[in-house]
Amino acid sequence: RMTPTEAKPRRRRDPESTRTSILEAAKTILAQDGAEGLSVSSVAKLAGVNRGTAYQHFQVKEDLVRATLDWVSHQLLDAVLSIGTDLDLPAMLHRIVESAAGLVDARYGALGVLDEQHTELAQFLTVGLDHDQRTAIGSLPRGHGILGVLITDPRPLRLPDLARHPDSSGFPPHHPPMSSFLGVPVMVHGQVFGNLYLCDKIGGEPFSDTDEELSIALATAAGVAIDN
């Protein structure tokens, strides 16, 4: 048994990282259950902190809800501002995919740019796949299956499991498995420029209403940036 002088000092958590963990957990619960299903105690449990620590940051539920909404708004603003920092179009398109995936915690993201006839994908930029994975998959998709649904019907599409959709055509060999899906169109001058495709929300849960709203807002900002 260690004596008091031998006991290791307890590691102190960084207050800012603790606050971020609490807000991340609150965002998840708000997206799934709304404000009615949120409490400081439930957020503390999901964030992996004790209730006393959570109450040090947010004394009442209303403060936590307000802070979470402000935090999500700042995330969206940061994502929008990051899009406009590159004037080079290819770099901007890649930044859009990165920003979208980061905003909704998607493991994989892609931006499919339509051809001049608006019938197929002319470009397909991805994040989340490394060079070896992209090489093993081979040819880039042209817009069949679920990807094609957004080409023919350019409206937001959110699925808990890709494989269960009637238009799902599966994946090519060597493609990593993917389940949850969120797709939104990117419009320029009232025309569909392309589509954002986001897959596999980190944590395993499906994409939420909030994720869809954030993605739509980011896609709108992306369309303005591309036009400029």
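As the structure is a prediction and not an experimental result, all values here were calculated from the model.
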If the condition is ring pair (Phe, Tyr, Trp, His ring centres under 6.0 Å), which residues does His94 pass it with, not counting sequence neighbours? none
Under 3.5 Å, is there a donor-acceptor pair linking the side chains of Ser180 and Asp161? no
Under the criterion side-chain contact (heavy atoms from CB on, under 4.5 Å), I'd like the reasoning laid out for Ile151 against His118: C-alpha separation, chi angles, the key distance, then a yes or no. CA-CA 7 Å; Ile151 296 176; His118 287 70; 5.9 Å; no
May I have the step-by-step check of side-chain contact (heavy atoms from CB on, under 4.5 Å) for Phe207 and Glu212, ending in yes or no? CA-CA 7 Å; Phe207 291 105; Glu212 182 175 325; over 6 Å; no
Counting only heavy atoms from other residues, nucleotides and ligands, does the tally under 6.0 Å from CZ of Arg51 exceed 12? no
Tightest non-hydrogen contact, residues Ala219 and Pro185, listed as CB-O, 3.5 Å
With a 4.5 Å limit on heavy-atom distance, are the side chains of Leu103 and Leu218 in contact? yes
In the single-linkage hydrophobic clustering (I, L, V, M, F, W, Y; side-chain heavy atoms under 4.5 Å), do Leu159 and Leu198 co-cluster? no
Interatomic spacing from CD in Glu205 to OG1 in Thr28 - rounded to 0.5 Å: 5.5 Å
Mind checking whether Val149 and Leu196 sit in one hydrophobic cluster, side chains of I, L, V, M, F, W, Y counted as touching below 4.5 Å? no
Are more than 12 heavy atoms from other residues, nucleotides or ligands located less than 6.0 Å from atom CD of Glu116? no
If we only count heavy atoms from C-beta on, is the Val40 to Gln59 side-chain gap below 4.5 Å? no
To check you understand the geometry: which heavy-atom pair defines the closest contact between Ser215 and Val184, and what is its length? O-CG2, 3.9 Å
State, yes or no, whether a side-chain contact exists between Pro172 and Ser139 at a heavy-atom distance under 4.5 Å. no
Looking only at heavy atoms, which two atoms of Ser168 and Leu162 are closest? And how far apart? CB-O, 3.3 Å
Between Leu89 and Met187, is there a shared hydrophobic cluster once you connect ILVMFWY residues whose side-chain heavy atoms come closer than 4.5 Å? no
Any ion pair linking Arg158 and Asp211 (charged N to carboxylate O, less than 4.0 Å)? no
Hydrophobic cluster identity match, Tyr108 and Leu150, side-chain contacts under 4.5 Å: yes
Between Val192 and Leu114, does the side-chain contact (heavy atoms from CB on, under 4.5 Å) criterion hold? Intermediate values first, please. CA-CA 8 Å; Val192 180; Leu114 298 185; 3.7 Å; yes
Please report, to 0.1 Å, the donor-acceptor pairs under 3.5 Å made by any side chain of residues 121-133, with sequence neighbours excluded.
| unit_1 | atom_1 | unit_2 | atom_2 | d |
| --- | --- | --- | --- | --- |
| Asp130 | OD1 | Asp132 | N | 3.2 |
| Asp130 | OD1 | Gln133 | N | 2.7 |
| Gln133 | OE1 | Asp130 | N | 3.0 |

About how many Å separate NE2 of His174 and CD1 of Ile137, when rounded to the nearest 0.5 Å? 9.5 Å
Non-hydrogen atoms of Phe58 and Ala67 that approach each other most closely: CE2-CB, 3.4 Å
So how far is it from Lys61 NZ to Ser42 OG, rounded to the nearest 0.5 Å? 8.5 Å
Spatial distance of atom CG (Asp14) from atom CZ (Arg19) [nearest 0.5 Å]: 12.5 Å
Roughly how far, to the nearest 0.5 Å, is the OG atom of Ser179 from the NZ atom of Lys201? 12.0 Å
Taking His144 for its side chain and Arg142 for its backbone only, find out whether a donor-acceptor pair lies under 3.5 Å. no
Below 4.5 Å, heavy atoms only, C-beta onward: do Ile22 and Leu64 meet side chain to side chain? yes
Does the side chain of Val113 reach to within under 4.5 Å of the side chain of Phe193, using non-hydrogen atoms? yes
Test item: Leu182 and Tyr197 side chains (from C-beta on) under 4.5 Å apart, heavy atoms: no
Any sub-3.5 Å donor-acceptor pair from Ser99's side-chain atoms to Arg95's backbone N or O? yes
Kindly work out whether a path of hydrophobic side-chain contacts (I/L/V/M/F/W/Y, heavy atoms less than 4.5 Å apart) joins Val97 to Phe181. no
So, do Met178 and Pro176 sit near enough that their side-chain heavy atoms are less than 4.5 Å apart? yes
For Tyr55, give me all partners under ring pair (Phe, Tyr, Trp, His ring centres under 6.0 Å), at least two apart in sequence or on another chain. none
Under a 3.5 Å cutoff, is there a donor and acceptor pairing between the side chains of Thr20 and Ser17? no
Taken to the nearest 0.5 Å, the spacing of Asp105 CG from Ile202 CD1 works out to 5.5 Å
Side-chain contact test, heavy atoms from C-beta onward, threshold under 4.5 Å: evaluate it for Ile226 versus Leu93 and give yes or no. yes
His165 side chain to Asp167 main-chain N or O, any donor-acceptor pair under 3.5 Å? yes
